[in-house]
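Below, read A as the first sequence line, B as the second, and so on, with proteins coming before strands; counting in each chain starts at 1.
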There are 2 protein chains.
Amino acid sequence: MDDVMVTRTRALKHVQVREYVRTLVDGLEPGAPAPSERELVTRFGVARMTVRQAMDALVSEGLLERMPGKGTFVARPRRGVQRPIGFSEEMQRRGLQPESQTLLSRIEQAGPGVARALGITEGDAVLHWRRLRRADGAPMCLQDSFLNEVLLPGFHQKHMPTSLFDALALRGLRPTWVEDAISAGPATADEAALLEVEEGAPLLRVARRGVCGEVTVEVSRSAYRADRFTMWVQLGEDG
Amino acid sequence: MDDVMVTRTRALKHVQVREYVRTLVDGLEPGAPAPSERELVTRFGVARMTVRQAMDALVSEGLLERMPGKGTFVARPRRGVQRPIGFSEEMQRRGLQPESQTLLSRIEQAGPGVARALGITEGDAVLHWRRLRRADGAPMCLQDSFLNEVLLPGFHQKHMPTSLFDALALRGLRPTWVEDAISAGPATADEAALLEVEEGAPLLRVARRGVCGEVTVEVSRSAYRADRFTMWVQLGEDG
DNA sequence: TAGTGGTCTAGACCACGAA
DNA sequence: TCGTGGTCTAGACCACTAA
């Protein structure tokens, strides 16, 4: 019992140093000097290796930058990796109110394309969820989502308010990595009717595979009204 | 002189250990055990901190995985960050032969949109390069590239065989980070004629800003034939 | 010359996992 | 119980930078 408390509450020294430096440096301009390693050694009464461990963490997370012979300084913020988001968050970022109208929600047998994308066998149970997605009340996107039923028992019983990503997050299955195939094409008659455009109007089509850990959680096909939606992607690191 | 030689050729111990482990582990299945830290200590006759420094590097590059109390093991390969590529490499990856027909290549005064994207002042000199890009001889894309003339003196004199990214790489200005705005829309009459499609046919439009270090090197507007081109993007980390 | 980060040693104790 | 990685010490010498 005591052990647990001690273990849980003991502040590791390198963590203490790390967080001290983090708060010191928070809000400073890039190029501002951080305390030197030996200064931290005397301040915390700790070995230099311990300080280096703390600083290593801050350097590798991109907060600090080492300049041999000169010192350690606040690094300029680096462009990070784009975190995958779903329709709801995408719209909220644009200041639009996402809405969702469920057109279909049922268990189906996976077809060949969906089965391959989900990494399951053709005919396995999948939850197929088709929604007309609006932004500020205007039709924006027609979206078919396919989920591996085995991973999400009872999932389709729940009422989904808006965000599939939020619902997956509650089960610890929010995709951390997605692969999109983006194309363009004319609207079919059905799509045109639902999205309230002319048949043949250009649509932006996105086929997505959403992966969490080692498993593909979601496969979706979305058709966006091209006159209302532009997709933003950032690729690469640093900058 | 001697110092230089010594400095250049001395193999740092942690590097020796790191590379030894890397070759040991190369090609092994994920989950295979790496040598223990104390084993490496005795093998190389170095301190444990030195071994840890070596292993830290391999862990943070995603090659190894530590399991406290168990050991260190080969990590499953993680999905990395997508490196930005240009049209030429994009086509080569698909097994297609990229070709380029320059329609226009001249110095212009930057318009408001291009100036803002390049981070320069309206009216500053930019190199405008308009190309019809083919894959295996078939029209694929109409591309306008705008380059900051100040960054690339004499650049437009050179004959560009195909790849702008390769040419920029030679000057150390290959974009390491890009931002794309992807939309769809109907082909104008001019676009239709060049791309050999009907007027109004759906095109996939990509507005790109290519950044290297702290500067925006390139801004481009591309219009792809939607019947021939699908764009692939991967977002997020790990998997 | 003094201060900085980079590297390295030869130990130590701890919590955890497997046998 | 024994081996593992996690943490930590109290020093050391080096190359580099700036005054």
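For the segment residues 14-46 of chain B, the set of residues with a heavy atom within less than 4.0 Å of an atom of DNA chain D comprises B/Ser36, B/Glu37, B/Arg38, in numerical order. A heavy-atom distance below 4.0 Å to DNA chain D is reached by these residues of residues 50-62 of chain A, ordered by number: A/Thr50, A/Gln53.
Rounded to whole Å, atom P of D/dG5 lies 7 Å from atom CZ of B/Arg48. With rounding to whole Å, B/Met67 atom CE is found 15 Å from C/dA15 atom C1'.
A salt bridge links A/Arg76 and B/Glu214; the closest N-O separation between the charged side-chain nitrogens and carboxylate oxygens is under 4.0 Å. Note on B/Glu37 versus B/Arg52: salt bridge recorded, some NZ/NE/NH1/NH2 to OD/OE distance being below 4.0 Å. Remark: B/Glu89 engages B/Arg174 in a salt bridge, criterion side-chain N to carboxylate O under 4.0 Å. A salt bridge does not link A/Arg18 to A/Glu61: none of the charged side-chain nitrogens sits closer than 4.0 Å to a carboxylate oxygen. Here B/Glu237 does not pair with B/Arg79 in a salt bridge; the nearest charged N to carboxylate O distance is not below 4.0 Å.
With D/dG5, C/dA18, D/dA10 as the candidates, the nucleotide lying closest to the side chain of A/Ala47 is D/dA10. With C/dC8, D/dG6, C/dA18 as the candidates, the nucleotide lying closest to the side chain of B/Arg66 is D/dG6.
In this structure, a donor-acceptor pair under 3.5 Å is absent between the side chains of B/Arg205 and B/Ser183.
Between A/Lys70 and D/dA18 there is a side-chain N or O to OP1 or OP2 distance below 4.0 Å.
With values rounded to the nearest 0.5 angstrom, A/Ser105 atom OG is found 13.0 Å from A/Arg130 atom CZ.
Residue pairs meeting the ring pair (Phe, Tyr, Trp, His ring centres under 6.0 Å) criterion with at least one partner in residues 43-68 of chain B, sequence neighbours excluded, are B/Tyr20-B/Phe44.
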